[in-house]
Amino acid sequence: MAHKEDNEGKRSSHCTALHACIPKTSLPIVYHPDYNITFMGLEKLHPFDAGKWGKVIHFLKEEQFVTDENIVEALEATEEDLLVVHTRRYLNRLKWSLVVAGITEIPPLIFLPNFLVQRKVLRPLRTQTGGTIMAAKLAVDRGWAINVGGGFHHCSSDKGGGFCAYADITLAIKFLFERVEGISRATIIDLDAHQGNGHERDFLNDGRVYIMDVYNRYIYPGDGYAKRAIKRKVELDWGTEDSEYLQKVELHTDGALNEVRPDILVYNAGTDVLDGDPLGGLSISPEGIVKRDEIVFRAARRRGVPILMVTSGGYQKKTARIIADSILNLRLQGLIAAEALEGEGSVTGARRTSGPVGSQFTAV
């Protein structure tokens, strides 16, 4: 992908609302009700819980951590926003319902008019993509941020798949490189059960981006070409359990952050590692997932590295509860919320923005 590291490149960026200033009274947690996909029950034809994002927010509201007033409302990524990474040819292909049916693995979409597919399927995914871009800027400004959706790590600039239609991780990093002073190195830690071949293909020849990927070696996508982009590759066997998994996550997270000190850490926190997940093939407990997220956040906060978390894959009804429990644990540990900004290795102050303001299914 092309590099735009000079100031002239930054000044030529298109106008976007996705890096607008967010009130300090808002928590850097990004969500919109439009994240959730509901359309005549067709969303149930894929094992992905297409309403899990709203459930996460519901649980966080029950615990009185978030309210409608203090979370950041995501904005839909526009075509101009998407063209920062995606080719126009790829975006035009999404105007064919057949193509979207293949990417989302919901075959009946073939028979629907594309305007309905755009409204009911792709608009939610564009809104989550906008949320990831917004959360990345918030992470730089506040030290941490969570997009309750996003993590479409199988999509690259010119190809979607595995329920991933837009390359939100690539877009978030590219937006920072082009628009935010002092952001020139990024690390992706991808702990979804599946290889993150989308962002890997996008950053294959980009030395500014360090990728660590921990995944089940035997499942989709098995993209050998994309693996060449992984700087720290941890391939897991079927049924890997908490003890081995957490040891490897901690060892390699510390190793990655010690090897290269990034200006932003993008953490792809898929919950499809959960025991019993129909696609992930691993055996991690709910407590193990909560501890995993704590390990990554603690490593970033200890080093003063801004961290963006996206939620990615997870194919059981209970994953929403686990994501919420993990976020609440991060708060309990003092790793997020306003008080975390004053902690050890915290990031203080905002950076200045340049430019205008084993199944038939695959997986996220």
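Everything numeric here is computed off the predicted structure, so don't read it as measured data.
Judged by distance alone, with hydrogens and angles left aside, the side-chain atoms of Arg301 form a donor-acceptor pair with the main-chain N or O of Gly143 at under 3.5 Å. At least one donor-acceptor pair closer than 3.5 Å links the side chain of Thr253 to the backbone N or O of Val249. Using modelled atom types, one side-chain atom of Asp81 and one backbone atom of Thr78 make a donor-acceptor pair closer than 3.5 Å. The closest donor-acceptor contact from the side chain of Asp277 to the backbone of Leu274 lies at 3.5 Å or more, if one exists at all. Glu76 places no side-chain N or O within donor-acceptor distance of the main-chain N or O of Thr127, the cut-off being under 3.5 Å. Here the side chain of Asp275 pairs no donor or acceptor atom with the backbone of Ser285 at under 3.5 angstrom. Counting only distance, with no hydrogens or angles, the side chain of Thr187 and the backbone of Leu265 share no donor-acceptor pair below 3.5 Å. A donor-acceptor pair is defined here as one N or O able to donate and one able to accept, closer than 3.5 Å; such a pair exists between the side chain of Ser312 and the backbone of Gly151. Within the 3.5 Å criterion, the main-chain N or O of Pro33 finds a donor-acceptor partner in the side chain of Asn36.
Distance check, rounded to the nearest 0.5 Å: OG1 of Thr16 to CD1 of Ile133 gives 7.0 Å. The CG atom of Leu246 lies 12.5 Å from the CG atom of Leu251; values are rounded to the nearest 0.5 Å. Note: Asp213 CG to Asn268 CG = 8.5 Å, rounded to the nearest 0.5 Å. The CG atom of Asp263 lies 4.5 Å from the OG atom of Ser184; values are rounded to the nearest 0.5 Å. Here the CG-SG distance, from Leu125 to Cys155, works out to 9.5 Å after rounding to the nearest 0.5 Å. The distance from atom CZ of Phe177 to atom CD1 of Ile183, rounded to the nearest 0.5 Å, is 8.5 Å.
Here the closest heavy-atom approach between residue Gly131 and residue Ala74 is recorded as CA-CB, 3.8 Å.
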- What's the verdict on side-chain contact (heavy atoms from CB on, under 4.5 Å) for Ser97 and Val117, showing C-alpha distance, side-chain angles and the deciding distance? CA-CA 7 Å; Ser97 297; Val117 173; 3.6 Å; yes
- For salt bridge (Lys or Arg N to Asp or Glu O under 4.0 Å), just list the numbers for Arg302 and Asp254, CA-CA rounded to whole Å, side-chain angles, deciding distance to a tenth of an Å, and then say yes or no. CA-CA 10 Å; Arg302 188 165 59 241; Asp254 282 335; 3.1 Å; yes
- Message: The test is side-chain contact (heavy atoms from CB on, under 4.5 Å); show your working for Ile22 and Arg142 and say whether it passes.
- Response: CA-CA 10 Å; Ile22 302 296; Arg142 308 283 188 87; 4.0 Å; yes
- Query: Going through the distances and angles, do Glu178 and Val84 end up as a side-chain contact (heavy atoms from CB on, under 4.5 Å)?
  - Reply: CA-CA 10 Å; Glu178 292 186 357; Val84 169; 4.1 Å; yes
- What do the steps show when you test Leu171 against Thr129 for side-chain contact (heavy atoms from CB on, under 4.5 Å), and what is the final call? CA-CA 8 Å; Leu171 280 159; Thr129 296; 3.6 Å; yes
- Task: Go through Lys291 and Glu287 one step at a time and tell me if the salt bridge (Lys or Arg N to Asp or Glu O under 4.0 Å) criterion holds.
- Result: CA-CA 6 Å; Lys291 183 62 178 178; Glu287 296 77 17; over 6 Å; no
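Checked by atom type, the side-chain pair His194/Asp272 shows a donor-acceptor distance below 3.5 Å. No donor-acceptor contact under 3.5 angstrom links the side chains of Thr87 and Asp158, judged on distance only. Donor-acceptor pairing under 3.5 Å is recorded for the side chains of Arg298 and Gln333. Checked by atom type, the side-chain pair Tyr225/Arg201 shows no donor-acceptor distance below 3.5 Å. A donor-acceptor contact under 3.5 angstrom links the side chains of His199 and Asp190, judged on distance only. A donor-acceptor contact closer than 3.5 angstrom links the side chains of Asp202 and Thr170. Side-chain N/O atoms of His153 and Asp168 include no donor and acceptor closer than 3.5 Å. Inspection of the Tyr35 and Asn147 side chains reveals an N or O donor paired with an N or O acceptor under 3.5 Å.
Here the rule is salt bridge (Lys or Arg N to Asp or Glu O under 4.0 Å) with Glu259, and of Arg232, Lys231, Arg185, Arg303 only Arg232 fits it. When Arg126, Arg123, Lys95 are each tested for a side chain to side chain donor-acceptor pair (under 3.5 Å) with Gln118, only one passes: Arg126.
No more than 12 heavy atoms of other residues, nucleotides or ligands shown are found within 6.0 angstrom of NZ on Lys159. Counted within 6.0 Å of CD on Glu235, heavy atoms from surrounding residues, nucleotides or ligands total more than 12; the atom is thus considered enclosed. By the neighbour-count criterion of 12 heavy atoms within 6.0 Å, atom CD of Gln247 is sparsely surrounded, having that number or fewer from other residues, nucleotides or ligands.
Using a 4.5 Å cut-off on side-chain heavy atoms (C-beta onward), Gln128 and Trp53 make contact. Using a 4.5 Å cut-off on side-chain heavy atoms (C-beta onward), Ile264 and Pro306 make contact. Within the 4.5 Å cutoff, no side-chain heavy atoms of Leu27 are placed close to those of Val72. At a threshold of 4.5 Å between non-hydrogen side-chain atoms, the residues Phe65 and Asn70 do not count as touching. Here the side chains of Tyr267 and Asp293 are in contact, with some heavy-atom distance below 4.5 Å.
Taking the six-membered ring for Trp, His86 and Tyr90 have ring centres closer than 6.0 Å. Ring centroid separation for the pair His154 and Tyr220 comes in under the 6.0 Å cut-off.
Under the 4.5 Å side-chain contact rule for hydrophobic residues, Trp96 and Leu94 share a cluster. Leu332 and Val296 fall into different hydrophobic clusters, where Ile, Leu, Val, Met, Phe, Trp and Tyr are joined by side-chain heavy atoms under 4.5 Å apart, directly or via other members. Leu98 and Leu91 are not part of a single hydrophobic cluster, where members link through side-chain heavy atoms under 4.5 Å apart. There is no path of hydrophobic side-chain contacts, each under 4.5 Å, that joins Leu204 to Ile188. If you chain together hydrophobic residues whose side chains sit under 4.5 Å apart, Val290 and Leu328 never meet in one group.
A salt bridge does not link Glu200 to Arg228: none of the charged nitrogens lies less than 4.0 Å from a carboxylate oxygen. Taking the charged nitrogens against the carboxylate oxygens, Asp242 and Arg292 have no contact shorter than 4.0 Å, which rules out a salt bridge. Between Asp223 and Lys227, no side-chain nitrogen of the basic residue sits less than 4.0 Å from a carboxylate oxygen of the acidic one, so the salt-bridge criterion is not met. Salt bridge annotation for Arg217-Asp237: present, with a cationic side-chain nitrogen under 4.0 angstrom from a carboxylate oxygen.
Cation-pi geometry between Arg321 and Phe59 is met: the NZ or CZ atom falls under 6.0 Å from the ring centre, inside 45° of the normal.
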